[in-house]
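Scroll down for the structure; my scribbles are underneath it.
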Amino acid sequence: NVYISPEARRAGIARALVAEALCEAEREGVQRIETSMAQPESWRLCERCGGQRTRGGAVLTLRLATTNWSLVDAWCADGPKRSPDARLQEFEQLPGALVDSFIPLHNRAWSDQPHAVHAGEPLTLAQRREQERSYQRLGSRWITLVACEPDGRLVGLTDVLFEPAQREIVRQNFTGV
């Protein structure tokens with residue numbers, strides 16, 4: 001998931017979230033990232049890193065060996081200049097202190113997706129906790145990154161899934177920028 005609140009867009013936050021996810025994937029020895037998305041803005045973000053659109057634009061694959069790392073490095077350098085007070089926070093279990101801001105942001109991101117009419121009910125804390133437990137039982141690592149403003153507001157999110165059966169691949173669940 002990559003989602004940036006409309007009022008926080010064009011400030012380099014999506015780039016920072018994606019850059020951090022790519023760096024984490026590389027540290028974990030991942031060779032390929034797969035993500036599905038429906039918004040053209042998301043396609044462009046992935047393609048700037050060297051990702052390729054397949055299956056009619058629904059799935060993008062980024063091979064880390066061919067990633068444009070100089071572009072990722074430039075994003076990392078540019079992000080703090082464009083959003084000097086924003087910070088990134090990473091977690092595998094949603095911290096209690098973030099629940100009241102994360103759940104609404106997640107649901108807003110989800111409802112902005114083109115498939116939202118078929119997506120079902122909004123996420124609840126109980127559902128999030130069950131997802132965390134389920135991934136943990138499977139031995140998977142579900143890493144969520146959020147962008148926080150100085151006032152505590154969350155303005156962006158992304159998540160990646162590392163599955164033990166396919167250690168060379170990382171998957172994003174849904175993406176919107």
Task: Full working for salt bridge (Lys or Arg N to Asp or Glu O under 4.0 Å) between R141 and E24 - done: CA-CA 12 Å; R141 291 189 64 210; E24 177 69 20; 3.8 Å; yes
Between [atom1] of [X] and [atom2] of [Y], what distance do you get to the nearest 0.5 Å?
| X | Y | atom1 | atom2 | answer |
| --- | --- | --- | --- | --- |
| D78 | D73 | CG | CG | 12.5 Å |
| L123 | F102 | CG | CZ | 7.0 Å |
| Y135 | E130 | OH | CD | 11.5 Å |
| T144 | L17 | OG1 | CG | 11.0 Å |
| Q131 | W142 | CD | CH2 | 4.0 Å |
| E92 | D159 | CD | CG | 11.5 Å |

Basic-acidic side-chain contact under 4.0 Å: R108, E7: yes
| message | What verdict does the side chain to side chain contact (heavy atoms under 4.5 Å, CB included) test give for L125 and L94, after you've listed the backbone C-alpha separation in whole Å, the side-chain angles of each residue and the deciding distance to 0.1 Å? | response | CA-CA 9 Å; L125 177 59; L94 176 61; 4.1 Å; yes
Any donor-acceptor pair under 3.5 Å linking the side-chain atoms of D85 with those of S83? no
With no hydrogens and no angle check, just 3.5 Å: does a side-chain donor-acceptor pair link R129 and S134? no
Note: C148 and L154 closest approach over all heavy atoms is SG-CD2, 3.3 Å
Looking only at heavy atoms, the pair that brings L161 and S140 closest together is CD1-CB, 3.8 Å
Given the options L88, V72, I143, V160, E20 meets side-chain contact (heavy atoms from CB on, under 4.5 Å) only with L88
- Message: Are the side chains of I13 and E149 in contact, using a 4.5 Å heavy-atom criterion?
- Response: yes
* To do: Would you check if V146 and V155 make a side-chain contact, meaning some heavy-atom pair closer than 4.5 Å?
  => no
For this session: Taking Q89 for its side chain and A147 for its backbone only, find out whether a donor-acceptor pair lies under 3.5 Å.
Result: no
- Task: Group every Ile, Leu, Val, Met, Phe, Trp and Tyr by side-chain heavy-atom contacts under 4.5 Å, then state whether L138 and V170 land in the same group.
- Result: no
Inset, instruction - For Q127, look at atom CD and say whether over 12 heavy atoms of other residues, nucleotides or ligands are found less than 6.0 Å away. - result: yes
